[in-house]
Amino acid sequence: MGPAKQGCDRNEMIIMPAELSKIYFKLLNIYDPQGWWPLLDFHDSAKGINPTKTGSLKGYHPGLYHYPKSERQVFEVCIGAILTQSTSWSQVEKALINLRNIGCLEPKKLIATDSDVVKLAIKPAGYFNQKYKKLIAFSEFFITLKGKIPERKDLLKVFGIGDETADSIILYAYRQPIFVVDAYTKRIFERIGLIKKSSKYHNIQIFFEKNLARDFKIYQEYHALIVEHAKRFCKVRPDCAHCPLKDICKKKL
DNA sequence: AACCAGGACGTGA
DNA sequence: TCACGTCATGGT
């Protein structure tokens, strides 16, 4: 262990408390509530529909933060979080539907089902050999929870669950206030100029949590808005000309 | 026709 | 610790 106080004396991030919440409300105004995490069997009246959202509208439940509300839905969110690693959600949705059709959105059944059958079901989501192992490892862990909320450190011990997936599970499946950092978060806020390229996961996470109200609903919404903004404008090759945040962004192209 | 998608793991420096 | 290869399918 090196000298005390990692990160505190390094001026790694310029703290501008107002900025992060300003950007949050700006994104919220532009894109409206995103209704994460999508659920397969979520069917509700038109009040749940967000017309500004990209991709499939099915499964999203904007403005409703009480999901998932059953053990089965909690498991579905966790499985989705694993399946969506480096994969687009539309592909994950296909895999989840396949899993549901073979009765494998339930941990014991998933474990008991023939591996080739499960692999075929999750094939659309890619990396099916890797992800099969991950799903089994998580299912076994999930059973040991007996309905309790998992600790982050225990989630990280499970094969296939790293920082982002662990935090996605805690935030969206268990509705606990922990901020999810992903590649989009780094990309957007590097370009804006609030974090450095060398910033690591934990530092970025602390940066957000220190500058936002400790509210799982805000954390859920912010992460979803970040994903939406990254898909629309802050892509690998960004569309700065039409970006609604260009006035506050440092990067100009 | 490359490039990328709501990452994590294993390896060797 | 850190950079890099690997895992795989499908949309743009």
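Quick note on labels: first sequence line is chain A, next is B, and so on, each numbered from 1.
Using atom P as the reference point in both dA8(B) and dG10(C), the two lie 23 Å apart (nearest Å). Taking the C1' atom of each, dC3(B) and dA8(C) are spaced 15 Å apart, rounded to whole Å. dT6(C) and dG6(B) have their P atoms separated by 23 Å, with the value rounded to a whole Å.
Salt bridge present: K157(A) and D154(A) bring a charged side-chain N and a carboxylate O closer than 4.0 Å. A salt bridge links K22(A) and E19(A); the closest N-O separation between the charged side-chain nitrogens and carboxylate oxygens is under 4.0 Å.
Using cut-offs of 30° and 60° on the angle between ring planes, the pair F179(A) and Y222(A) is perpendicular.
Residue side chain Y60(A) reaches the base of dG6(B) through a donor-acceptor N/O pair under 3.5 Å, judged by distance alone.
Taking atom CG on N129(A) and atom P on dA8(B), their separation rounds to 19 Å, with Å as the unit. dT1(C) atom P lies 14 Å from atom NE2 of H202(A), rounded to whole Å. Across the protein-nucleic acid pair, H223(A) atom NE2 and dG6(B) atom C1' stand 5 Å apart, rounded to whole Å. When the C1' atom of dG6(B) is taken as reference, atom CG of D163(A) falls 15 Å away, rounded to whole Å. Rounding to whole angstrom units, CG of residue L156(A) and P of dG7(B) are separated by 16 Å. Rounded to a whole Å, the CG atom of L155(A) is 17 Å from the P atom of dG7(B). Computed from coordinates, the F128(A) CZ to dA8(B) P distance equals 21 Å when rounded to whole Å. Between the C1' atom of dA8(C) and the NZ atom of K133(A) lies a distance of 14 Å, rounded to the nearest Å.
Remark: H66(A) NE2 is packed, more than 12 non-hydrogen atoms of other residues, nucleotides or ligands lying under 6.0 Å away. Enclosure of atom NZ in K119(A) by more than 12 non-hydrogen atoms of other residues, nucleotides or ligands within 6.0 angstrom is indicated. Around atom NZ of K123(A), no more than 12 heavy atoms belonging to other residues, nucleotides or ligands sit under 6.0 Å away.
Between V236(A) and Y127(A), the residue anchored closer to the 5' end of DNA chain B is V236(A), taking for each the nucleotide with the nearest heavy atom. Nearer the 5' end of DNA chain C, as judged by each residue's closest nucleotide, is the contact made by S86(A), out of S86(A) and K94(A). Comparing T87(A) and Q130(A) by the nucleotide of DNA chain B that holds the closest heavy atom to each, the one mapping nearer the 5' end is T87(A).
The aromatic ring of W89(A) sits over the base of dG6(B), with ring centres less than 5.5 Å apart and planes tilted by under 30°. Remark: ring of W36(A) stacked against base of dG6(B); centroid gap under 5.5 Å, plane tilt under 30°.
Distances shown here put a side-chain N or O of T165(A) below 4.0 Å from the OP1 or OP2 atom of dA8(B). A close approach under 4.0 Å does occur between a side-chain nitrogen or oxygen of K231(A) and OP1 or OP2 of dG6(B). Distances shown here put a side-chain N or O of K200(A) below 4.0 Å from the OP1 or OP2 atom of dC2(C). Between R237(A) and the phosphate of dA2(B), there is no side-chain N or O to OP1/OP2 separation shorter than 4.0 Å.
Distance from the side chain of E164(A) is smallest to dG7(B) among dA8(C), dG10(B), dG7(B). The side chain of Q85(A) lies closest to dG7(B) when the candidates are dC7(C), dG7(B), dA5(B). The side chain of Q91(A) approaches dG11(C) more closely than any other nucleotide in the set dA8(C), dG6(B), dG11(C). Listed nucleotides dA8(C), dG6(B), dA8(B) differ in distance to P38(A); the shortest reach to its side chain belongs to dG6(B).
No engagement by I226(A) is indicated, since no non-hydrogen atom pair under 4.0 Å with the nucleic acid exists. Residue V181(A) is out of contact with every strand shown, counting any heavy-atom pair closer than 4.0 Å. At the heavy-atom level, K123(A) lies under 4.0 Å from the strands shown only through sugar-phosphate atoms.
Aromatic rings from Y219(A) and F208(A) are positioned such that their centres are separated by 6.0 Å or more.
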